[in-house]
Protein chains: 2
Amino acid sequence: MFVAMNDDELDRIFRALADPTRRKIIDRLREQPDQSLFQICAMSVAEGGKALSRQAITQHLDMLQNAGLLHVSWSGRTKIHSLDLKPLREAADIWFRKHLLEGENP
Amino acid sequence: MFVAMNDDELDRIFRALADPTRRKIIDRLREQPDQSLFQICAMSVAEGGKALSRQAITQHLDMLQNAGLLHVSWSGRTKIHSLDLKPLREAADIWFRKHLLEGENP
DNA sequence: TTGACATGCAATAATTTTATTGCATGTTCG
DNA sequence: CGAACATGCAATAAAATTATTGCATGTCAA
């Protein structure tokens, strides 16, 4: 099985995963998909401890989307966010597994 | 199988992987372990395109070591670097696989 | 011992990332 | 229609990351 992904894409994904707030968003979005920006902000406040502004969350979501990790749609005035795990799997294929699976002691 | 890793450790690992220079260092160190700082600098110059200062490389190595990804030893005046992939595997266990393996369509 | 070598340490500069603020736009509901 | 709502856009501030420079320390080898 073969995946195609250039360095820039891979880089965007790794960068997207570098921030704990974004990883938390990914976690929550996986637990419950199709959340609005407001819902995501609410989660963030409820769990994260520190309350980020809506714009901060928006910027994090932008980075996730830029890395191709998000599927976004609109329902009226509401923006709906869900995960797209495919790029994550591709990144794992071409990088992570290379280091984690080769030469593993059984 | 159970792994123990706190949020800080996980965060250091993800941050360490966020930079392309560091990922390249990991790649090269995997191809050829037990390299000195100078060797790593030389590689970086030879391959990376942009020539970083020795100190820049040192700082990158520090971050990798801080994330527990490096095994360092001394031979006289020479510092020897090798990878320690165990933390990477642990990080994959508690985070990556959760998202990548669950709910995979077969 | 001395000079070249391999590296460390510390300060600072340059760049990027993260967060905030204020205002603007389109949508729903009464 | 008009008010509350959900979000966007843009500028800027704050903080963190990345890279550089200069000097210091310990080691090897002639």
Side-chain angles (χ1 to χ4, degrees), chain A residues 7-8 10-26 29 32-67 69-82, chain B residues 7-8 10-26 29 32-67 69-82:
Chain A
D7 280 0
D8 278 358
L10 190 66
D11 197 53
R12 272 193 293 267
I13 291 175
F14 272 108
R15 277 196 179 337
L17 296 179
D19 187 278
T21 300
R22 287 194 290 271
R23 290 200 303 278
K24 210 142 216 173
I25 291 175
I26 291 178
L29 231 33
Q32 181 183 340
D34 294 317
Q35 296 200 60
S36 74
L37 171 57
F38 253 54
Q39 287 178 293
I40 294 169
C41 288
M43 278 191 324
S44 175
V45 171
E47 296 212 22
K50 59 179 171 185
L52 294 176
S53 68
R54 175 174 59 88
Q55 288 308 324
I57 301 287
T58 293
Q59 285 175 178
H60 283 303
L61 290 171
D62 285 348
M63 302 207 66
L64 289 172
Q65 190 174 4
N66 240 268
L69 268 33
L70 238 47
H71 180 255
V72 173
S73 62
W74 284 86
S75 170
R77 63 186 166 182
T78 305
K79 196 183 186 185
I80 307 292
H81 307 77
S82 285
Chain B
D7 280 359
D8 278 358
L10 190 66
D11 196 52
R12 272 193 293 268
I13 291 175
F14 272 110
R15 279 197 185 313
L17 296 178
D19 187 278
T21 300
R22 286 193 290 270
R23 290 200 304 277
K24 210 142 216 173
I25 290 176
I26 292 178
L29 231 33
Q32 180 185 341
D34 294 319
Q35 296 199 60
S36 73
L37 172 56
F38 253 54
Q39 288 178 293
I40 294 170
C41 288
M43 280 192 323
S44 175
V45 171
E47 297 211 22
K50 60 179 170 185
L52 293 176
S53 69
R54 175 175 58 89
Q55 287 308 323
I57 300 288
T58 294
Q59 285 176 178
H60 283 304
L61 290 171
D62 284 349
M63 302 207 64
L64 289 171
Q65 189 174 3
N66 242 269
L69 266 34
L70 237 46
H71 180 255
V72 173
S73 62
W74 284 86
S75 171
R77 62 186 166 183
T78 305
K79 196 183 187 184
I80 307 292
H81 306 77
S82 286

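All chains are named by letter (A, B, ...) in the order of the sequence lines, taking the proteins before the strands, and each is independently numbered beginning at 1.
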Validation row: A:Pro20, B:Arg15 side chains within 4.5 angstrom (heavy atoms): yes
Rounded distance in Å - [atom1] ([X]) to [atom2] ([N]):
X	N	atom1	atom2	result
B:Trp74	D:dT25	CH2	P	15 Å
A:Leu64	C:dT17	CG	P	14 Å
A:Asp19	D:dA16	CG	C1'	11 Å
B:Leu37	D:dG26	CG	P	18 Å
A:Gln39	D:dA6	CD	P	10 Å
A:Asn66	C:dT18	CG	P	13 Å
A:Arg22	D:dA16	CZ	C1'	13 Å
A:Arg15	D:dT17	CZ	P	12 Å

DNA chain C: 5'-proximal contact among A:Leu52 and A:Arg77 (nearest heavy atom): A:Leu52
Side chain to side chain contact (heavy atoms under 4.5 Å, CB included) assessment of A:Thr21 paired with A:Lys24: CA-CA 5 Å; A:Thr21 300; A:Lys24 210 142 216 173; 5.7 Å; no
side-chain N/O B:His60 vs D:dT17 OP1/OP2, d < 4.0 Å: no
[X] near the nucleic acid: base, sugar-phosphate alone, or nothing, with a heavy-atom cut-off under 4.0 Å?
X	result
A:Arg54	base
B:Ser53	base
B:Thr21	nothing

From [options], nucleotide with atom closest to [X] side chain:
X	options	value
A:Thr78	C:dA6, C:dT20, D:dT7	D:dT7
A:Lys79	D:dA19, C:dG8, D:dG8	D:dG8
B:Gln55	C:dA10, C:dA19, D:dT18	C:dA10

Steps toward side chain to side chain contact (heavy atoms under 4.5 Å, CB included) verdict (A:Leu70, A:Leu29): CA-CA 10 Å; A:Leu70 238 47; A:Leu29 231 33; 3.9 Å; yes
Main-chain N/O of B:Thr78 paired with B:Ser75 side-chain donor or acceptor, under 3.5 Å: no
Backbone of B:Ile40 reached by a side-chain donor or acceptor of B:Ser44 within 3.5 Å: no
